[in-house]
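Structure record follows, encoded as structure tokens.
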Amino acid sequence: MENDPKITLEVFRYRPEQEDKPVYQTYEVPLKKDWVILDALNYIKDHIDGTLSFRWSCRMGVCGSCGMMVNGNPALTCATFLNKFAPGPLRIEPLDNFPVIRDLVIEMTDFMNKLKSVKPWIIREEEKPVEEGEYLQTPSELADFKTYSMCINCMLCYSACPVYGLEPNFIGPAALALAQRYNLDNRDQGQQVRMDELSTDEGIWHCTFVGECSVVCPKGVDPAGAIQRYKIQGATEWWKSLVLPYGKPKK
Ligand code: FES
């Protein structure tokens with residue numbers, strides 16, 4: 001490891017309860033070809049400075065917990081190679097648009113509440129009896145929503161979204177894409193319930209289709225596309241409610 005070339009990381013350090021403002025601390029780490037940025041942070045933690053705080057778990061782009069700003073762009077640090085940034089230096093910061101708890105760890109309560117508000121589960125008006133068997137789905141019915149089900153809740157899209165940055169009440173890209181994941185599932189009957197919640201100013205209409213959410217998504221979920229589809233659906237519902245004599249149609 002001593003013979004490896006080195007790269008410098010400028011890492012955001014902040015303990016809000018003790019310090020007035022953040023500082024950038026510089027660390028030199030080995031520049032190994034097979035290292036991702038998370039390996040470099042773990043090297044710092046294990047060998048240089050055990051006080052550095054950051055989140056991670058799976059190390060394989062699945063749990064969604066290692067998102068950070070890497071040279072100003074939201075990225076999963078376990079899925080971003082270090083040598084891409086050679087010769088450095090490389091700046092690592094917490095995800096934009098979220099309060100910092102400590103160093104690279106952000107507060108995610110707002111995001112968790114928003115996820116819950118879109119009712120991300122299958123809603124049935126009436127469950128059929130177990131004896132009648134499972135709800136069947138064809139491959140093309142699955143294909144309708146599969147893309148949106150790939151979200152790992154990493155919050156990179158919230159960090160990239162200028163609307164969420166300016167209007168924290170905006171429900172945001174991942175939660176809206178997740179709502180669409182269930183709306184498009186043929187086993188679900190909760191579209192109207194979700195639409196009542198999401199066709200508000202804080203919901204789909206707040207999105208100005210900047211599209212950065214889809215650019216940074218590490219799983220190709222395309223939240224921007226999901227929201228535009230949702231807008232079309234919302235506008236159609238609105239027209240139907242004007243034209244149909246008994247108000248809002250059921251799904
Ligand atoms: Fe799980 Fe990076 S550590 S996605």
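Counting starts at 1 for both ligands and their atoms, in listed order. The structure displayed is predicted, hence computed values, not measured ones.
Using a 4.0 Å cut-off to heavy atoms of Cys63, the atoms of ligand 1 that qualify are 1 (Fe), 3 (S), 4 (S). Shown in contact with Arg59 at under 4.0 Å from a heavy atom are these atoms of ligand 1, numbered in order with element: 1 (Fe), 3 (S). Every atom of ligand 1 is numbered from 1 in the order shown, and the set under 4.0 Å from a heavy atom of Gly61 is 4 (S). Applying the 4.0 Å criterion to heavy atoms of Gly64 picks out, from ligand 1, the atoms 1 (Fe), 4 (S). Which parts of ligand 1 touch Ser57 is read off a 4.0 Å heavy-atom cut-off, strictly below it: atoms 3 (S). Of all the atoms in ligand 1, the ones that sit under 4.0 Å from a non-hydrogen atom of Cys58 are 1 (Fe), 3 (S), 4 (S). Residue contact check: Val62 has heavy atoms under 4.0 Å from atoms 4 (S) of ligand 1.
Under 2.8 Å from atom 2 (Fe) of ligand 1 lies an N/O/S atom of Cys66, whether from backbone or side chain. Taking 2.8 Å as the threshold, Cys78 does not count as a candidate ligand of atom 1 (Fe) of ligand 1, since none of its N, O or S atoms lies below it.
Relative to the ring axis of Tyr24, Arg91 places its NZ or CZ within 45° and under 6.0 Å from the centre.
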Worksheet entry | Chi angles and distances behind the side chain to side chain donor-acceptor pair (under 3.5 Å) call for Thr51, Arg13 | CA-CA 10 Å; Thr51 67; Arg13 303 297 313 264; 3.0 Å; yes
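One distance of note links CG of Leu178 with CZ of Arg181; it measures 7.5 Å at 0.5 Å rounding. With rounding to the nearest 0.5 Å, the separation of CZ in Arg55 from CD1 in Ile106 is 6.0 Å.
Between Tyr164 and Phe170, the ring centre distance reaches or exceeds 6.0 Å.
Between Tyr43 and His47, the ring planes are tilted. Angles from 30° to 60° get that label.
A salt bridge links Asp110 and Lys114; the closest N-O separation between the charged side-chain nitrogens and carboxylate oxygens is under 4.0 Å.
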